[in-house]
There are 2 protein chains.
Amino acid sequence: MSRNKRDELIRNALGIFYRNGFHATGMDLVAKESGVSKTSIYKHFRTKDELILAVLRLRDEDFRNWLFRRMEELAATPQGQLLAMFDALEEWFMADGFQGCMFIKASAEFQNADDAINRQSYAHKELLVDHFARLAGAAGHDAPRALARQLLILKEGAIVIAAMSHDPAPAQEARAIAERLLLGGADISV
Amino acid sequence: MSRNKRDELIRNALGIFYRNGFHATGMDLVAKESGVSKTSIYKHFRTKDELILAVLRLRDEDFRNWLFRRMEELAATPQGQLLAMFDALEEWFMADGFQGCMFIKASAEFQNADDAINRQSYAHKELLVDHFARLAGAAGHDAPRALARQLLILKEGAIVIAAMSHDPAPAQEARAIAERLLLGGADISV
DNA sequence: GCAAACATTAACAGATCGGTACATCTTCGC
DNA sequence: GCGAAGATGTACCGATCTGTTAATGTTTGC
């Protein structure tokens, strides 16, 4: 299997797991939908869990690349980018096939704190916080990390409710809260 | 099977599904851990899905009863109760066996919008919004329902991050945001 | 005490689970 | 053209999945 076919397999598996869930999706279906045999999959991934980890690595890259780029496209300043995140989320919520956050779902299906899938899922969230904190610092906020963690809470809450309600409205509802955090209060320094 | 035994079965199943996940838990395990035979379970529930629905009904009652009572115990005013919700959540996050929100997980494992489990999971969130909106109205806020929806976003975001990070800190981080919504802004009417 | 009604159980279907053994096919050096 | 090496597909493994069948206990009315 070439590098390309391997990447394509991971990308196919991503789509199936995202649509169907992890435990609910069998490796036979992954093989069939990917157009490769199960044996070939197991040549490259020792277990289903390892395939899932590869899927999550791809998703982490894809999602952060998309979100951060979109934030930059929508706003010029760091402060504006943090707010624009919620507009980007709204686009995602309205897109065909939106089914919530893959990492939340992976963490929910693999709850054990020792599980590599559980740890890797949260690592994605930490990378998001890092980026938010960088932007918050650049915008001149004191305690940028605390602000970043609050923005993460807003983002995850909006994703969960949008997915459960099948309605993109939570994006703007969360944005309104973020505006008060970023623009409104007495305790921002710039 | 008596009414009591049936209720106890549902309560047992709740614990197992909450700890293990829905798809990852087989009916044989539910039967074994509940001390009843699988046949007896299927006498009362036609399918696994029906058992899950019964579990979610119980969880909805239990959780709302607990949360609303705790909010009342912790604060006297409607406004205070809305803030105290996050203190109650913090207690939950620190409790043994906390594993996130059962309805978020159910919704994640049964994603189809037509699925009764999916719909019932979101119905729980709507009942929470109703209660928040009642309190926000009693506190004199205009647009109480919009505020209630924002509080829901904060609550769900805090739960998701607390569960993923195995850390109760998001409760107070979300509370700080709620304080700005409830107390800080120019656009509250009382 | 006895029969009807109900609850419970072990054993079993048929399908599918994650994962593998082995035979076949392709590819490549030379 | 041909042999070695790796990729692929088929068919299978034991375990487990949801759900059922048929036999056994247990309660209850009278």
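Chain identifiers are assigned alphabetically (A, B, ...) following the order of the sequence lines, protein sequences preceding nucleic acid strands; residue numbering begins at 1 within each chain.
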*Contacts of type side chain to side chain donor-acceptor pair (under 3.5 Å), residue B/Asp130, not counting sequence neighbours*: B/Arg145

*asked:* Run the side chain to side chain donor-acceptor pair (under 3.5 Å) test against B/Gln172 and tell me which residues pass, sequence neighbours left out.
replied: B/Asp87, B/Glu90

*Could you check which residues of residues 111-121 of chain B get a heavy atom under 4.0 Å from DNA chain C? Sort them by number, please.*
none

*Return the value, rounded to whole Å, for the distance between atom CG of B/Leu51 and atom P of D/dC17.*
15 Å

*Between atom CG in B/Leu29 and atom P in D/dA15, what is the gap in whole Å?*
18 Å

*If a protein heavy atom is under 4.0 Å from the base, mark B; if only from the sugar-phosphate, S; if neither, -; do that for nucleotides 18-28 of chain C going 5' to 3'.*
BBBB-------

*May I ask whether A/Phe132 and A/Leu74 are part of the same hydrophobic cluster, defined by side-chain heavy atoms of I, L, V, M, F, W, Y residues being less than 4.5 angstrom apart, directly or through others?*
no

*Between C/dC6 (P) and B/Arg6 (CZ): distance, integer Å*: 16 Å

*Specify the separation, in whole Å, of atom NE2 of A/His44 and atom P of D/dA7.*
6 Å

_Do the side chains of A/Glu73 and A/Arg70 get close enough for a salt bridge, i.e. N-O under 4.0 angstrom?_
yes

*Looking at A/Trp92, A/Phe103, A/Tyr18, which one forms a ring-ring contact (aromatic ring centres under 6.0 Å, His included) with A/Phe63?*
A/Trp92

*Who passes side chain to side chain donor-acceptor pair (under 3.5 Å) against A/Thr47, sequence neighbours left out?*
none

*Does A/Asp28 come within less than 4.0 Å of A/Lys32, counting only side-chain N to carboxylate O?*
no

*asked:* Please confirm whether the shortest side-chain N or O distance from B/Ser40 to OP1 or OP2 of C/dA7 is below 4.0 Å.
replied: no

_Whole-Å gap separating P (D/dA7) and CZ (A/Phe45)_ = 14 Å

*Do any side-chain nitrogens or oxygens of B/Ser37 fall under 4.0 Å of OP1 or OP2 in C/dT8?*
no

*Apply side chain to side chain donor-acceptor pair (under 3.5 Å) to A/Asp49 and list each qualifying residue two or more places apart in sequence or on a separate chain.*
none

